[in-house]
Structures are given as C-alpha cells and as structure tokens.
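Along the sequence shown, residues carry numbers from 1. Numbering of ligands and ligand atoms starts at 1, following listing order.
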Amino acid sequence: MVRHFLKDDDINSAEQAEIIRRAIALKKAPYSERPFAGPKTVALIFDKTSTRTRVSFSVGVSDLGGAPLIIDSQTSQMGGKESVADTARVLTRQVAQIVWRTYSQAGLEEMAAHSSVPVVNSLSDDYHPCQILADLMTVQEHKHRLAGLNFAYVGDAANNMANSYLIGCALAGMHVRVAAPAGYEPDLAIVQRASAIAATTGGSVEVFGEPAAAIRGADVVATDTWISMGQEAEKAKRIQDFAGFTIDSDLMSTAAADAIFLHCLPAYRGYEVTADVIDGPQSVIWDEAENRLHAQKALMVWLDEQSKISQHS
Ligand code: CP
Ligand code: NVA
C-alpha cells in the first residue's frame with residue numbers, strides 16, 4: 001500500500017528518526033538523491049497562501065531531479081467545481097507525488113483515498129507535519145538529541161502547529177509542555193493520542209493555563225501566530241484573549257540557559273513573541289526555515305522508496 005503523510009503519526013517513531021537522519025545527510029549532499037530524475041513531476045497544490053512551503057517544496061523537487069508543478073486552487077477546477085476524488089484520479093495518473101496545503105483534513109484523506117501516489121499534507125487546519133519534521137531536525141542539529149528534551153509550546157494550543165508538536169514531539173520521545181489561555185487548549189483527543197504515543201517513547205505530555213509553568217527549564221521554546229490562516233475575522237478578540245502569553249526575554253530567561261527558540265513563521269513581533277527574543281541569540285528560526293527544504297526532501301525520498309517497496313511486495 002502506498003504511504004501518505006497526512007499527519008505526524010502516519011509515520012512511527014523509528015521512521016521519523018530515519019527521515020530526520022536522512023534530512024541531515026541531504027543537507028550535506030543536496031544532490032545525492034535523484035528519485036524524481038526523468039524529470040518526474042510533483043504537484044504542489046495551494047488553497048492557502050505560502051512563502052516557505054512553496055519555495056522549499058519547489059526547490060526540493062528540483063534538487064531531487066524532478067519538476068515542481070504549483071497549482072493554485074483558485075485558478076484550477078478544484079474548490080467546489082470538481083470533487084477532490086476526481087482531482088486525485090487525474091493527478092495520480094501523471095505525477096509522482098501530491099503535496100497539498102488546504103483547510104480540511106477530511107479533504108486530504110479523500111485525496112489520499114483516491115491516489116495511487118503519496119499525498120503529503122503541507123498544512124491543514126489540523127496539522128502541519130512537514131514543519132514539525134523540520135523543527136525536530138533543527139533541534140537535533142542544535143541539541144544533538146531529541147528524546148528526553150523538555151519542549152515548551154506557548155500560545156494557540158488548538159491550532160495546527162500545536163497538534164503537530166504534541167504528536168510529533170511525543171513520537172520523538174520529548175517531554176511536551178503546552179500552555180494556552182482558556183478556550184485555546186488542545187483538543188482532548190489530541191492530548192490523549194499524544195500521551196499514548198509518549199508512553200511508548202519515554203516522553204510525556206502536560207497542558208498548562210499559563211506560560212511560566214511550561215517554559216520553566218525548557219530546552220526548546222516554541223510559539224506560533226495567535227491568528228492562523230482563515231481566522232482573520234477573530235483578530236481583535238484573539239489579541240485580547242492571548243494577553244500575557246507573549247514570549248519575552250523575562251519568560252525566556254526562565255527556560256534552560258542554553259534553550260533555543262523556534263517559530264514556524266510568519267511571525268508577528270510584539271504579539272506572540274517580542275523582537276528581542278525572535279531576533280536574539282537563542283533564536284534558530286532561520287535554520288528552521290532552511291530545514292523545511294532538507295526535511296521535505298528526505299520525506300519525499302522516503303515516501304518514494306516506500307511506494308517502490310509496496311509495488312514489489
Ligand atoms: N511555516 C510555513 O509553513 O510558512 P509558509 O506559510 O510561508 O509556507
Ligand atoms: N498556524 C499557522 C501556521 C502558519 C505556517 C496558520 O495555520 O496560519
């Protein structure tokens with residue numbers, strides 16, 4: 001069966017470690033893997049805006065010997081005009097992989113159900129699993145390990161990044177501590193899923209109502225925008241609701257002395273994080289942004305190999 005990557009736990013802990021290891025190798029030797037030589041085409045579909053994801057997947061597909069095809073759903077037959085299933089049936093006959101940034105997780109599942117090539121979630125309302133691979137790679141580079149590290153996420157803990165951090169960091173054996181204001185806590189089902197994974201990897205999951213408890217002694221501190229794509233109408237209310245959740249240098253000073261700071265970007269300085277933290281010495285956000293390229297290349301190579309294994313078994 002073809003493998004897809006729609007959410008962080010579509011791969012197991014060993015597979016996650018293998019992809020991160022290969023991402024670090026690809027960073028050293030960017031043109032050493034050529035699974036898309038031909039060139040084969042990879043469809044990159046965008047229902048939401050993007051800078052990093054569009055660039056890193058386009059460059060990544062080219063580096064792997066292929067041709068990236070960016071499809072803007074606004075100017076295609078997708079988005080209510082033609083069904084996801086029919087779109088999948090057309091694409092799957094012509095492209096090597098399908099990468100889709102969209103709203104609904106159910107849409108991604110429908111695409112995967114009708115595709116005989118790997119489908120990758122490049123951000124949905126529920127998950128951003130490619131970002132977490134890049135983030136874990138960045139932590140591995142700076143801390144030389146993942147399992148056992150204390151990972152703090154502060155902010156909107158009900159969004160795609162929080163869900164993916166909970167699941168992805170638990171898979172990596174980290175101690176994940178999340179802090180969010182009332183009304184923005186993670187879904188109980190996600191916390192339970194992450195906790196069940198952590199129980200098998202030696203990690204743990206805790207949810208707090210204020211940032212200090214989550215950040216104290218953390219090795220890695222992360223945040224994300226308070227207003228995700230599609231939530232723009234709630235901006236004024238959210239800015240009020242998240243008061244006290246800005247990561248500033250006072251909060252950061254309560255983390256481990258050698259803690260690193262992550263943000264998937266785009267960032268809104270003065271809201272979820274102050275400029276002195278995100279632009280300061282503990283911030284590794286530019287490594288993190290670059291690592292999208294390497295991590296996604298490793299993922300695409302791995303998915304391609306898995307498809308070949310399944311064809312021959
Ligand atoms: N972090 C991230 O996914 O960035 P873009 O929205 O620019 O792709
Ligand atoms: N939570 C953010 C992530 C952006 C990469 C959003 O969905 O807009």
- Does ligand 1 have any atom sitting under 4.0 Å from a heavy atom of His128? yes
- Item | Side-chain donor-acceptor pair present, Thr274, Arg269, cut-off under 3.5 Å | no
- Asn159 and Asp224: side-chain donor and acceptor closer than 3.5 Å? yes
- Other residues, nucleotides, ligands: >12 heavy atoms within 6.0 Å of Tyr271 OH: no
- Message: I'd like to know whether ligand 2 has Leu265 as a neighbour, heavy-atom separation below 4.0 Å.
- Response: yes
- Query: Charged N to carboxylate O below 4.0 Å: is that the case for Arg3 and Asp10?
  - Reply: no
- Query: Rounded to the nearest 0.5 Å, how far apart are CG of Leu303 and CZ of Phe5?
  - Reply: 8.0 Å
- Task: Would you check the N or O atoms of His128, main chain and side chain alike, for any that come under 3.5 Å of an N or O of ligand 2?
- Result: no
- Query: Does an N or O anywhere in Arg101 fall below 3.5 Å from an N or O of ligand 2?
  - Reply: no
- Note on the structure: ligand 2 to Asn160, heavy atom cutoff 4.0 Å, flagged ligand atoms 1 (N), 2 (C), 6 (C), 7 (O)
- Measure the distance from atom 2 (C) of ligand 1 to every protein heavy atom, then report the residue, atom name and distance (to 0.1 Å) of the closest one. Arg292 NH1, 3.3 Å
- Where ligand 1 meets Gln131 - atom numbers and elements under 4.0 angstrom, heavy-atom basis: 1 (N), 2 (C), 3 (O)
- Message: As an exercise, state the distance from NZ of Lys237 to CD1 of Ile227, rounded to the nearest 0.5 Å.
- Response: 12.0 Å
- Numbering the atoms of ligand 1 from 1, which are under 4.0 Å from a heavy atom of Thr51? 5 (P), 7 (O), 8 (O)
- atom 6 (O) of ligand 1 sits nearest the protein heavy atom Arg101 NH1, 2.8 Å
- Message: Using heavy atoms and a 4.0 Å limit, tell me yes or no: is Leu123 in contact with ligand 1?
- Response: no
- Under-4.0 Å heavy-atom contact with ligand 2, by part of Leu123 that carries it: side chain
- Message: I'd like to know if Arg101 pairs up with Asp47 as an ion pair, taking the criterion as any Lys NZ or Arg NE/NH1/NH2 lying under 4.0 Å from an Asp or Glu carboxylate oxygen.
- Response: no
- Query: Is the shortest distance from a Lys or Arg side-chain nitrogen in Lys235 or Glu232 to a carboxylate oxygen in the other one below 4.0 Å?
  - Reply: no
- Specify the protein heavy atom at minimum distance from atom 8 (O) of ligand 2: its residue, its atom name, and the distance to 0.1 Å. Met229 N, 2.8 Å
- Residue Asn159 vicinity, atoms of ligand 2 by number, heavy atom under 4.0 Å: 1 (N)
- Query: Without hydrogens or angle criteria, can the side chains of Gln131 and Asp135 be said to hold a donor-acceptor pair below 3.5 Å?
  - Reply: yes
- Message: Checking a contact table here: which protein heavy atom is nearest atom 4 (O) of ligand 1, and how many Å away?
- Response: Arg52 NE, 2.8 Å
- Which residue from Ser164, Gly155, Gly230, Ser228 reaches closest to atom 2 (C) of ligand 2 through any of its heavy atoms? Ser228
- Task: State plainly whether one hydrophobic cluster holds both Leu293 and Leu265, where clusters connect Ile, Leu, Val, Met, Phe, Trp and Tyr through side-chain heavy atoms under 4.5 angstrom apart.
- Result: no
- Can you find an N or O of Asp224 that's nearer than 3.5 Å to an N or O of ligand 2? yes
- Can you name the nearest heavy-atom pair linking Ser204 to Ala198, along with the distance? N-CB, 3.6 Å
- Item | ligand 1 to Pro266 polar contact by distance, N or O atoms, under 3.5 Å | no
